[in-house]
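Input: a single structure, listed below in structure tokens.
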Amino acid sequence: MTSEIYEAAIDAIVKGDVALAAQIAKKGLSEGIDPLELLNQGFIPGINKVGDLFDVGTLFIPELIVSASAMQNAAEIINDAIPENDRRVQGRFLIGTVQGDVHDIGKTIVVSLLKASGFEVKDLGRDVSTDRFIKEADDFKADIIGTSSLLTTTMPAQKMLEDELRKAGLKERYKTMVGGAPVTQRWAKKIGADACAESAAAGVRLAKELIGL
Ligand code: B12
């Protein structure tokens, strides 16, 4: 039963059981569950629950780390199962997690979905400086620069990118998109980003809109 798989996924992530999470990811895929549904209904609620338990002090850094490893491993298995689209869209998307921030599970899901939707994607990884975003955007001839931030303390780096692009006269050249759990439409508007997406699927939809598809 699909709902049992989702429950089992949540449980494996909360327990931080790497092997079990991987096994459930593979089982879900072999039963024909859509990869994105498996993430959205099973594994993401699992890691969110871990975040909540960490928040209230029921769970601590060591447990957070093992749960994150289980999540990362399962997400990799599922990401690999998202088929890459042969039909290229005319869009080049540069993405990374901002400086000072190592959270990259969500960003990596966005990358998989963008690729699956035909975007050409350059993933700079995590802890990426503003200067590097700007240099790589030029090298890659990006249409869109996407930044991920999971910490309220690193969100200002998203503003710094907008400021630096404006200062360098590059704001018109690239569209910008911001994401990450604490990031809101209000924040995007305040800093002058072109779009904000609360999920990978919304990110792909907005990215297409931004480049006029
Ligand atoms: C896993 C995790 C970790 C892992 C990260 C592993 C990794 N490789 O990513 C580890 C253990 C390393 C970690 C460390 C820390 N963490 Co942490 N972590 C989390 C946790 C539990 C889950 C994050 C996650 O992966 N979510 C699942 C993914 C799928 O969701 P997502 O990232 O939001 O991404 C989705 C959307 O937001 C969107 N999206 C994301 N990025 C982008 C970008 C674009 C362009 C677009 C379009 C869309 C988009 O699409 C994604 C898919 O739908 C959160 C709690 C939470 N619920 O967010 C805390 C949390 C983010 N961490 C927190 C903290 C405090 C820390 C530490 C400071 C702890 C410490 N004292 O050391 C360190 C920070 C280290 C650092 N410098 O970055 C706090 C942040 C609080 C705050 N107000 O800022 C949280 C909220 C926990 C809490 N409740 O307190 N963490």
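Because the structure is predicted, anything quoted here is derived from the model rather than measured. All ligand and atom numbering here is 1-based and tracks the order in the structure.
- For ligand 1, the polar-atom distance check against V102 finds a nitrogen or oxygen pair separated by under 3.5 Å.
- Two residues are said to be in side-chain contact when any heavy atoms from C-beta on lie closer than 4.5 Å; V14 and L53 meet this criterion.
- For the residue pair E162/T176, the side-chain donor-acceptor check at 3.5 Å is satisfied.
- For atom 2 (C) of ligand 1, the nearest protein heavy atom (residue, atom name, distance) is H103 CD2, 3.6 Å.
- Counting only non-hydrogen atoms, the option in T147, V183, L114 that gets closest to atom 45 (C) of ligand 1 is T147.
- Shortest contact from atom 56 (C) of ligand 1 to any protein heavy atom: N48 OD1, 4.1 Å.
- Between D194 and Y174 there is no side-chain heavy-atom pair separated by less than 4.5 Å.
- Proximity of D104 to ligand 1, defined as any heavy-atom pair under 4.0 Å, is shared by backbone and side chain alike.
- The nearest protein atom to atom 23 (C) of ligand 1, hydrogens excluded, is given as L150 CD1, 4.2 Å; this is a heavy-atom distance.
- Remark: ligand 1 atoms within the under-4.0 Å shell around heavy atoms of R126 are 8 (N).
- For atom 6 (C) of ligand 1, the nearest non-hydrogen atom of the protein is A68 CB, 3.9 Å.
- Atoms CD1 and CZ, from I5 and F43 in turn, are 8.5 Å apart once rounded to the nearest 0.5 Å.
- Those atoms of ligand 1 with a heavy atom of D55 less than 4.0 angstrom away are 88 (C), 89 (N), 90 (O).
- Close approach of ligand 1 to A197 is summarised as follows: ligand atoms under 4.0 Å from at least one heavy atom of the residue are 47 (C), 48 (C).
- If you take CD1 on I109 and OG on S199, they are separated by 10.0 Å, rounding to the nearest 0.5 Å.
- For atom 49 (C) of ligand 1, a protein heavy-atom neighbour is found at a distance under 4.0 Å.
- For the atom pair F119 CZ and I144 CD1, the distance stands at 5.0 Å (nearest 0.5 Å).
- In this structure, the protein non-hydrogen atom closest to atom 34 (O) of ligand 1 is G106 CA, 3.3 Å.
- A heavy-atom separation below 4.0 Å is not found between T153 and ligand 1.
- Every atom of ligand 1 is numbered from 1 in the order shown, and the set under 4.0 Å from a heavy atom of Q72 is 8 (N).
- Counting only heavy atoms, the protein gets under 4.0 Å from atom 61 (C) of ligand 1.
- Residue A181 has at least one heavy-atom neighbour below 4.0 Å for each of these atoms of ligand 1: 33 (O), 37 (O), 58 (O).
- Looking at atom 26 (N) of ligand 1, its nearest protein heavy atom turns out to be I47 CG2, 3.7 Å.
- Geometrically, ligand 1 and G100 share a nitrogen or oxygen pair separated by less than 3.5 Å.
- Remark: ligand 1 atoms within the under-4.0 Å shell around heavy atoms of I61 are 69 (C), 70 (C), 71 (N), 72 (O).
- Here the straight-line distance linking atom OG1 of T108 with atom CG of L113 works out to 12.5 Å at 0.5 Å rounding.
- For atom 40 (C) of ligand 1, the nearest non-hydrogen atom from the set G180, A207, G51 comes from G180.
- Shown here, atom 64 (C) of ligand 1 is in close reach of the protein: a heavy atom of it lies under 4.0 Å off.
- The heavy atom nearest to atom 42 (C) of ligand 1, out of those in G96, G179, S112, A70, is found in G179.
- Close contacts of ligand 1 with G146, meaning ligand atoms under 4.0 Å from a residue heavy atom, involve 45 (C).
- Not a single N or O atom of K107, backbone or side chain, sits closer than 3.5 Å to an N or O atom of ligand 1.
- Near D101, with a cut-off below 4.0 Å to any heavy atom, the atoms of ligand 1 are 78 (O).
- In this structure, atom 54 (C) of ligand 1 is not in close contact with the protein, since no protein heavy atom lies within 4.0 Å of it.
- Put simply, the side chain of D143 does not reach to within 4.5 Å of the side chain of K175, judged on heavy atoms.
- In summary, the side chains of T147 and Q158 do present a donor paired with an acceptor at a separation below 3.5 Å, with no hydrogens or angles considered.
- Residue contacts with ligand 1 for I44 involve side-chain atoms from C-beta outward but no N, CA, C or O (heavy atoms, distance under 4.0 Å).
- To the nearest 0.5 Å, atoms CG (D123) and CG (L94) are separated by 8.5 Å.
- Interatomic distance, CG of L161 versus OG of S149, reported as 12.0 Å (0.5 Å rounding).
- Annotation: side chain of W187 is in contact with side chain of K159 (closest heavy-atom distance under 4.5 Å).
- The one candidate from D139, D131, D138 that meets the side chain to side chain donor-acceptor pair (under 3.5 Å) condition with K135 is D139.
- Here E198 has backbone heavy atoms under 4.0 Å from ligand 1, and that is the only part of it that gets that close.
- Across the listed options L64, D52, V50, L64 owns the non-hydrogen atom lying nearest to atom 11 (C) of ligand 1.
- At a distance under 4.0 Å, a protein heavy atom can be found next to atom 80 (C) of ligand 1.
- A salt bridge does not link K167 with D163: every distance from a Lys NZ or Arg NE/NH1/NH2 to an Asp or Glu carboxylate oxygen is 4.0 Å or more.
- Remark: minimum distance from atom 87 (C) of ligand 1 to any protein heavy atom is reached at F54 CD2, 3.7 Å.
- Note on K49 versus D52: no salt bridge recorded, every NZ/NE/NH1/NH2 to OD/OE distance being 4.0 Å or above.
- Between V110 and ligand 1, no pair of N/O atoms sits closer than 3.5 Å.
- Remark: among candidates G46, A202, A200, S149, the nearest residue to atom 52 (C) of ligand 1 is A200, based on non-hydrogen atoms.
- Judged by the 6.0 Å distance and 45° axis criteria, R92 is positioned over the aromatic ring of F140.
- Side-chain contact between K107 and I95 is present, with at least one heavy-atom pair separated by less than 4.5 Å.
- Summary of contacts: the protein heavy atom closest to atom 47 (C) of ligand 1 is M177 SD, 3.4 Å.
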